[in-house]
Number of protein chains: 2
Amino acid sequence: MAKRSNGPGERISEAEHAIMEVLWDRNPISAAEVCDAICAERDWSIPTVKTLLSRLVQKQAVGTEPEGRKFLYRPLIARSDYVGGESRRLVDRLFGGRAAPLFAQLAESEALTDDDLSEIEALLREMRK
Amino acid sequence: MAKRSNGPGERISEAEHAIMEVLWDRNPISAAEVCDAICAERDWSIPTVKTLLSRLVQKQAVGTEPEGRKFLYRPLIARSDYVGGESRRLVDRLFGGRAAPLFAQLAESEALTDDDLSEIEALLREMRK
DNA sequence: GGCGCAGGTTTACAATCGTAGTCATTGCGG
DNA sequence: CCGCAATGACTACGATTGTAAACCTGCGCC
């Protein structure tokens, strides 16, 4: 194995993920617009954005549609899928697939605000019903 | 910036993490013993393990103590610290630092077993008290 | 007492990643 | 109608990662 090339399967890197966030937020948009959205924040130049976009297109995480003679980009994978996958990966890798220890960990490291607690309680009630 | 060399600060990679898990499980142990523990599972050879161990030593994630004329390795960072850091990174990157959405995500992707739910409920009660 | 073996150190090397420059094209403003 | 600016494609290049071989050294065995 080692190389899954199944559909939208290649892993998305950190920098690429930043691009994805922009696209999830607003799409379809042009490379220039993507840059407008993050170049300042991440201190990137347009070429960098273009490279990342191409790589995402290769990985089939992003699709293009011609608009005039330029491209508009749009995500091909849903944010919830990505986020779900990454979360699961973490839980699998660090907590043997069990979510409770993750929760305990976050609790212990004080990464849980009161708001979080309330929301989670609410969710729990929802699910338990 | 770009290169934090603060204390035990360099990022630990996936493969390196596998080594760490072995060390957290049992330490101090020799390179050979580490290999005994994972070489089969990950299909690695001794040289690979040695390389990863050296890198971890460089990164100050693992310490050595001479035993006879060989080394015994032991982790220098606590598993809970690593796990906490990684969890937080994920929560920051994907959920804007809020844990509740992570929880919701796991719930939605059915990554939560009934046991998880019960445990989390228990934890919640604990914390709320 | 020389040799192989265990074990650490160095070197290797391809793939991915972060970051960006160069090149080619083409439509637009003048 | 022509050069320029925008834009996508290609190239670059150092760092990290995964994976491992080559090498060196000293200890124990024959």
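All values reported here derive from a predicted model rather than from experimental measurement. We name chains A, B, ... by the order of the sequence lines, and we start the count at 1 in each one.
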Undergrad: Send over the distance from A:Lys50 NZ to C:dG21 C1', rounded to a whole Å.
TA: 11 Å

Undergrad: Looking at A:Ser45, does any N or O in its side chain come under 4.0 Å of the phosphate oxygens OP1/OP2 on C:dA20?
TA: yes

Undergrad: Without decimals, in angstroms, what is the distance between B:Leu56 CG and D:dT16 P?
TA: 15 Å

Undergrad: Heavy-atom count around B:Glu14 CD within 6.0 Å, excluding the residue itself: above 12?
TA: yes

Undergrad: By nearest atom, which of the nucleotides D:dT7, C:dG21, C:dT9 is closest to the A:Thr51 side chain?
TA: C:dG21

Undergrad: Could you tell me whether A:Thr48 contacts a base, only the sugar-phosphate backbone, or nothing, with contacts defined as non-hydrogen atoms closer than 4.0 Å?
TA: base

Undergrad: Can you tell whether the side chains of A:Glu16 and A:Arg55 come within less than 4.0 Å, N to carboxylate O?
TA: no

Undergrad: When you measure from the side chain of A:Thr51 to the backbone of A:Pro47, do you find a donor-acceptor pair of N or O atoms at a distance under 3.5 Å?
TA: yes

Undergrad: Quick one: closest heavy-atom pair of B:Leu106 and A:Ser87, and the distance?
TA: CD2-CB, 4.1 Å

Undergrad: A:Asn27 side chain to A:Leu23 main-chain N or O, any donor-acceptor pair under 3.5 Å?
TA: yes

Undergrad: Any base atoms under 4.0 Å from B:Lys70, or only sugar-phosphate, or nothing? Heavy atoms, all strands.
TA: sugar-phosphate

Undergrad: Is B:Ser54 close enough to C:dT10 that one of its side-chain N or O atoms is under 4.0 Å from OP1 or OP2 there?
TA: no

Undergrad: Distance check needed: C:dG7 P versus B:Glu65 CD, whole Å only.
TA: 15 Å

Undergrad: Reading DNA chain C from 5' onward, which residue's closest nucleotide shows up sooner: A:Arg69 or A:Pro47?
TA: A:Pro47

Undergrad: Return the value, rounded to whole Å, for the distance between atom CG of A:Leu52 and atom P of C:dC17.
TA: 10 Å

Undergrad: Report the distance from atom CG of A:Leu53 to atom C1' of C:dA20, rounded to the nearest whole Å.
TA: 14 Å

Undergrad: Quick one: A:Phe71 CZ to D:dA9 C1', roughly how many Å, whole number?
TA: 10 Å

Undergrad: Is B:Arg11 salt-bridged to B:Glu86, cutoff N-O under 4.0 Å?
TA: yes

Undergrad: Between P on C:dT16 and CD1 on A:Ile12, what's the gap in Å once rounded to a whole number?
TA: 15 Å

Undergrad: Rounded to whole Å, please give me the gap between CD1 in A:Ile46 and P in C:dT19.
TA: 16 Å

Undergrad: Below the 4.0 Å mark, does D:dT17 have OP1 or OP2 next to a side-chain nitrogen or oxygen of B:Lys59?
TA: yes

Undergrad: Which of residues 28-39 of chain B sit near DNA chain D, with a heavy atom under 4.0 Å from it?
TA: none

Undergrad: Between D:dC27, D:dA12, C:dT10, which nucleotide gets closest to the side-chain atoms of A:Arg55?
TA: D:dA12

Undergrad: Would you say the side-chain atoms of A:Ser118 and A:Glu121 include a donor-acceptor pair closer than 3.5 Å?
TA: no

Undergrad: Closest approach to the side chain of A:Trp44, judged atom by atom: which nucleotide of C:dA20, D:dG26, D:dA20 is it?
TA: C:dA20

